[in-house]
Amino acid sequence: MSSAERLAVTAEAERVLRQNWHEGERQGIRFACTEPSPGRYPWQWYWDSCFAAIVWRRFDRERARAELESLLAVQRPTGFVGHTIFWRQPVSLSRLLFYNVTSRSALQTETIQPPLLAWAWRIAVGDPAAEPRIAAHMDWLAANRDLEGDGLLWIVQPDESGLDASPKFEPIWGRRSNGRLGFPLLVRHNRRLDFDARRIRERGGPLLCEVLVNTMWSLSLQATGRPSATPALVERLWDERRGLFVDEAQPGGLRPQPLTWASLAPLALPDLPEAIGRRLIEEHLLNPREFLTPVAPPSVSVSDRGYEPDGGHGLLRRYWRGPTWINSAWIVWIGMRRLGYEAEAQTLADGVIAAAAREGLREYYDPRTGAGLGAKDFAWSALVAELADPDPTAAQSHL
Ligand code: GLC
């Protein structure tokens, strides 16, 4: 990988972040944030913003803070922060069917996304424990989503994981999964129950204890000095036989079979037991029949029946079904480096950097060829700067 390519992708990351930056005011509230992609995603998304803030810290620390402050600006007195915030314009009529809102005039959705705000704040802004609004946000999550009191969170529909139409949700939600025609029925059902996890459980669920959400939750807990959720994650979701983390659905205790990159996401946890991390890497991430492709890691294992490396086709766009996303590459790369797989981490980074250098910051990439897919000028793909120019300072040592 030439240093010219590294510099080029870092410059491109800055260009895209600056281009997608949007400031204004809605319902009397000021905001300033990075939209995920011009045109296609005209609002603020919770986890996209966390990733954008992490990269903004390299170019403009004020913007990193403003990005995360805009999430906190819509926080309700309960501590809740929704997964999409409609700053620019209200939800269109056609999108109403698919969006987790109570009405068209809503400023935000009623659902969550992977809760990495406190961790992102630690990396990009400062000590999240010194920010009472973050504490309130974490308290809301614990009070409303830790349904079994073991420290792990439960989600009420697939898009709360950020992994929308991943095939791993189909054994649970079936034709009501994201990207399937029945999804609006799930939204309607949950809307009637105010997207309240306990009420949804009382009505028969399903609910899911999902690996990626709980990985981000554990990182945030640790970033604020609260007890880690990693021991509970291992206790509940680690599958010793498969050497993987696997979600659990309730009622019924179903453990979905499809193998996706989310099973490897706990690699980002600094307190993950080392033996587990090594199994994730050696048996799966470095396995050419699973996640070792030229541009890795594919969002679904190459061996899986649901693997669609070009993202699939159809009426509804289907995300996370095989292509490589740059946030996932960054998350597993953190663990590879921590556990000493330096050369392998570099190879993975090189694959992603080369794809971004050639194709620009796309939403996702074909894991075989690196062809860019989905939205263009996609903000969180700016995380390629973390791979191209690792930060040796305090922020990175926290990783
Ligand atoms: C898609 C992704 C989700 C993301 C959103 C905005 O819905 O699946 O993770 O937050 O787009 O980029």
Side-chain angles (χ1 to χ4, degrees), residues 16-17 19-22 33-55 67-68 70-71 81-89 91-92 94-101 108-117 120 155 157-170 173 177-180 183-184 186-187 208 210-213 215-216 260-262 265 298-300 306 308 311-312 314 316-331 361-365 372-384:
V16 168
L17 290 183
Q19 172 195 279
N20 295 11
W21 186 251
H22 184 56
C33 62
T34 314
E35 291 174 349
S37 159
R40 180 156 307 163
Y41 298 116
W43 297 298
Q44 180 173 22
W45 267 263
Y46 178 109
W47 81 321
D48 298 64
S49 271
C50 292
F51 293 128
I54 289 169
V55 187
E67 178 94 49
L68 299 181
S70 292
L71 290 176
V81 178
H83 99 284
T84 313
I85 303 153
F86 308 103
W87 293 121
R88 190 189 277 275
Q89 72 221 28
V91 190
S92 62
S94 57
R95 278 174 151 151
L96 199 56
L97 281 177
F98 306 92
Y99 275 67
N100 310 327
V101 289
Q108 61 180 320
T109 55
E110 302 296 323
T111 42
I112 62 168
Q113 256 188 340
L116 69 152
L117 175 57
I155 59 173
Q157 50 188 66
D159 46 340
E160 291 205 301
S161 70
L163 308 174
D164 296 34
S166 170
K168 75 174 183 164
F169 299 123
E170 293 186 2
W173 279 281
S177 303
N178 281 72
R180 301 288 301 269
F183 179 63
L186 177 65
V187 174
L208 189 68
E210 197 273 337
V211 175
L212 176 64
V213 165
T215 299
M216 295 297 134
T260 76
W261 82 277
S299 44
V300 174
E308 294 175 9
L316 301 167
R317 294 182 66 236
R318 309 216 295 169
Y319 306 85
W320 300 100
R321 298 188 75 89
T324 298
W325 296 68
I326 291 185
N327 61 344
S328 341
W330 178 62
I331 286 167
L361 300 192
R362 299 296 299 268
E363 193 174 8
Y364 35 80
Y365 299 84
L373 301 163
K376 295 191 171 137
D377 289 350
F378 189 65
W380 89 40
S381 294
L383 286 169
V384 70

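FYI, side chains are in, hydrogens and waters are out, and symmetry mates aren't considered; it's all heavy atoms of this structure. Values in this document were obtained by computation on a predicted structure and should not be read as measured data. First listed ligand is number 1; within each ligand, the first listed atom is number 1.
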Novice: Testing Tyr365, Phe51, Trp320 one by one against Trp325 for a ring pair (Phe, Tyr, Trp, His ring centres under 6.0 Å), which residue passes?
Specialist: Trp320

Novice: May I ask you to identify the nearest protein heavy atom to atom 1 (C) of ligand 1, giving residue, atom name and distance to one decimal place in Å?
Specialist: Tyr41 OH, 3.7 Å

Novice: With side chains defined as the heavy atoms from C-beta onward, is the minimum distance between Asp48 and Cys33 less than 4.5 Å?
Specialist: no

Novice: Below 3.5 Å, N or O to N or O, backbone or side chain included: is there any such pair between Asp164 and ligand 1?
Specialist: yes

Novice: Determine, step by step, whether Ser49 and Gln44 satisfy the side chain to side chain donor-acceptor pair (under 3.5 Å) criterion, reporting the C-alpha distance in whole Å, the side-chain angles of both residues, the deciding distance to 0.1 Å, and the verdict.
Specialist: CA-CA 7 Å; Ser49 271; Gln44 180 173 22; 2.9 Å; yes

Novice: Just which atoms of ligand 1 are under 4.0 Å from any heavy atom in Trp45?
Specialist: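 In order of number, 5 (C), 6 (C), 10 (O).
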
Novice: Please write down residue, atom name and distance for the protein heavy atom closest to atom 8 (O) of ligand 1.
Specialist: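 For atom 8 (O) of ligand 1, the nearest protein heavy atom is Trp320 NE1, 2.9 Å.
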
Novice: Report yes if the distance between the aromatic ring centroids of Tyr99 and Trp43 is under 6.0 Å, otherwise no.
Specialist: yes

Novice: Find out whether Pro158 and Leu186 are in side-chain contact, i.e. whether some heavy atom of one side chain is under 4.5 Å from a heavy atom of the other.
Specialist: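 With C-beta onward as the side chain, the pair touches.
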
Novice: For Trp21 and Thr34: C-alpha separation, side-chain torsions, deciding distance, then whether side chain to side chain donor-acceptor pair (under 3.5 Å) applies.
Specialist: CA-CA 4 Å; Trp21 186 251; Thr34 314; over 6 Å; no

Novice: What atoms of ligand 1 come closer than 4.0 angstrom to any heavy atom of Trp47?
Specialist: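 The list of qualifying atoms is 3 (C), 4 (C), 9 (O), 10 (O).
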
Novice: Against ligand 1, does Gln113 come closer than 4.0 Å with any heavy atom?
Specialist: yes

Novice: Judging by distance only, is a nitrogen or oxygen of Trp380 under 3.5 angstrom from one on ligand 1?
Specialist: no

Novice: Picking from Asn178, Leu212, Thr260, what satisfies side chain to side chain contact (heavy atoms under 4.5 Å, CB included) with Ser166?
Specialist: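 The option that passes is Thr260.
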
Novice: At less than 4.0 angstrom from any non-hydrogen atom of Asp48, what atoms of ligand 1 do you find?
Specialist: 4 (C), 6 (C), 10 (O), 12 (O)

Novice: Could you list which atoms of ligand 1 come closer than 4.0 Å to a heavy atom of Phe378?
Specialist: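 Counting from 1, the qualifying ligand atoms are 12 (O).
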
Novice: Number the atoms of ligand 1 from 1 as they appear, then name those within less than 4.0 Å of a heavy atom of Gly162, with their elements.
Specialist: 2 (C), 3 (C), 8 (O), 9 (O)

